[in-house]
Amino acid sequence: MSEIKKTFLAFIGGSGLYDLPGIENVEEQEIATPFGCPSDKIITGKIEGKPIAFLPRHGKGHRFLPSEVNYRANIYALKKLGVTHIVSVSAVGGLQEKTAPGTAVIPTQIIDKTNGTRQRTFFGNGVVGHVSFADPYCPELQKHIAKACEQEKVTTHLGGALVCIEGPRFSSRAESHSYRREEASIIGMTAMPEAILAREAEIAYATLAFVTDYDCWREETEAVTVEAVMAVLSKNVEASKRIAKAIHKSLPMESSNSIFSAAANSIMTNPSLIPAETKRNLELLYGKYWK
Ligand SMILES: CSC[C@H]1O[C@H](OP(=O)(O)O)[C@H](O)[C@@H]1O
Ligand SMILES: Nc1ncnc2[nH]cnc12
């Protein structure tokens with residue numbers, strides 16, 4: 001049986017989602033991490049007595065490219081605040097007819113096509129660890145997201161794979177068709193390494209993706225542009241704000257979740273051989289495993 005924790009839900013806002021209205025007792029927290037600075041100050045507060053946090057992934061004013069976001073600092077900072085669950089909100093392209101602009105998708109799988117230059121693990125520097133990632137998202141949290149989408153009457157698809165590209169450019173037509181042959185449902189630029197870092201940090205994580213375009217595979221539709229994305233984005237963002245509140249309301253005050261011990265037994269290095277600085281940097285995440 002996994003540990004019972006007080007639920008603390010955070011939202012990571014994607015393109016267009018730079019704040020969450022309705023939070024009481026708002027504080028702006030500047031959190032230092034061993035991995036550098038998060039994308040912005042983290043907003044914390046309460047809604048109906050339950051804690052909530054919000055971090056805009058690209059920073060306020062959209063300053064960081066998908067490849068420049070400091071995913072490690074973002075996840076570490078949320079962990080430091082005591083966050084137990086993260087809902088990541090993302091603008092994505094639709095790769096199937098049914099994942100049409102304006103619909104929401106709660107993906108259950110990830111295909112990582114990023115080029116390997118993003119900092120994608122908390123391990124390294126003398127500590128070797130491997131966590132399971134067969135199911136990248138928390139099914140429990142996904143149920144709450146699906147329920148909230150239904151409540152807000154947004155057409156939603158639960159399931160399918162999100163292909164994450166490096167960007168910042170959009171895909172070529174050949175690439176877009178190849179992702180369709182791989183049976184991906186949606187395409188974005190930020191799912192990785194955010195999802196794996198959340199798992200390494202033992203935080204339950206799921207994505208609420210909102211489709212803004214059909215990328216460039218669909219003959220009847222113009223290839224995606226920022227202009228086309230922006231035209232759909234504001235409506236999607238309004239819906240995601242309502243859904244965020246409904247998810248927060250639906251989560252119980254306390255949670256137990258196998259993801260809270262996802263890194264147990266994943267560290268292969270003999271604790272006595274882990275360099276002191278690495279141990280210090282990772283104490284928050286893994287100190288409990290090398291006591
Ligand atoms: C102009 S859309 C491209 C941009 O939007 C998505 O970001 P996020 O996942 O943070 O909403 C996509 O991944 C790209 O970064
Ligand atoms: N077509 C697309 N490709 C990658 N990321 C996106 N975000 C929104 N639309 C996208």
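These numbers come from the heavy atoms of this one structure, side chains and all, not from hydrogens, waters or symmetry mates. In each ligand, atom 1 is the first atom listed, and ligand 1 is the first ligand listed.
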> Tell me, which protein residue and heavy-atom name are nearest atom 9 (N) of ligand 2, and how many Å apart are they?
Replying inline: D213 OD1, 2.7 Å

>> Under 4.0 Å from a heavy atom of G14: which atoms of ligand 1 are those, numbered in the order shown and with their elements?
In response: 8 (P), 10 (O), 11 (O)

> Does the side chain of D19 reach to within under 4.5 Å of the side chain of I43, using non-hydrogen atoms?
Replying inline: no

> What are the two closest heavy atoms between N281 and F35, and how far apart are they?
Replying inline: O-CE1, 4.4 Å

>> List ligand 2 atoms under 4.0 Å from D215, heavy atoms only on the residue side.
In response: 1 (N), 2 (C), 3 (N)

> Under 3.5 Å, is there a donor-acceptor pair between the T155 and T103 side chains?
Replying inline: no

>> Please list the nearest protein heavy atom to atom 10 (O) of ligand 1 with its residue and the distance rounded to 0.1 Å.
In response: H58 NE2, 2.5 Å

>> Quick check on the hydrophobic clustering: are I12 and V237 connected, directly or via other members, by side-chain heavy-atom contacts under 4.5 Å?
In response: no

>> Can you confirm, on distance only, whether ligand 1 has an N/O atom lying under 3.5 Å from any N/O atom belonging to F170?
In response: no

>> To check your reading of the model: name the closest protein heavy atom to atom 2 (S) of ligand 1, its residue, and the distance in Å.
In response: V229 CG1, 3.9 Å

> Which of the atoms in ligand 2, numbered in the order shown and given with their element, are less than 4.0 Å from a heavy-atom of A91?
Replying inline: 7 (N), 8 (C)

> Out of H62, M189, M230, which residue meets the side chain to side chain contact (heavy atoms under 4.5 Å, CB included) rule with S15?
Replying inline: H62

>> Just to confirm my output: which protein heavy-atom neighbour is closest to atom 4 (C) of ligand 2, and how far is it?
In response: M189 CE, 3.6 Å

> If you measure from each non-hydrogen atom of V92 to ligand 2, which part falls under 4.0 Å: side chain, backbone, both or neither?
Replying inline: backbone

>> Using a 6.0 Å cut-off, check whether atom CD of E24 has over 12 heavy atoms from anything other than its own residue.
In response: yes

> In ligand 2, which numbered atoms sit nearer than 4.0 Å to a non-hydrogen atom of G188?
Replying inline: 4 (C), 5 (N)

> Is there a ring-ring contact (aromatic ring centres under 6.0 Å, His included) between F260 and H85 once you walk through the steps?
Replying inline: CA-CA 10 Å; F260 297 163; H85 295 72; 5.8 Å; yes

> If we ignore angles and hydrogens, is there a donor and acceptor under 3.5 Å between the side chains of Q109 and Y137?
Replying inline: no

> Does P66 reach ligand 1, in the sense of a heavy atom lying below 4.0 Å from it?
Replying inline: yes

> Among protein heavy atoms, which lies nearest atom 14 (C) of ligand 1, and at what distance?
Replying inline: M189 SD, 3.7 Å

> So which protein heavy atom does atom 6 (C) of ligand 2 come closest to, and at what separation?
Replying inline: I187 O, 3.7 Å

>> Among all protein heavy atoms in this structure, tell me which lies nearest to atom 5 (O) of ligand 1, with the distance rounded to 0.1 Å.
In response: S15 OG, 2.7 Å

> Does V154 share a hydrophobic cluster with I247, counting links as ILVMFWY side-chain heavy atoms below 4.5 Å and allowing steps through other members?
Replying inline: yes

>> Under 3.5 Å between any N/O of G93 and any N/O of ligand 2: does that happen in this structure?
In response: yes

> Given that the side chain starts at C-beta and the backbone is N, CA, C, O, which of these parts of T212 lies under 4.0 Å from ligand 2, counting heavy atoms, or is it both or neither?
Replying inline: side chain

>> Check whether Y76 forms a cation-pi arrangement with R72 (NZ or CZ under 6.0 Å from the six-membered ring centre, at most 45° off the ring normal).
In response: no

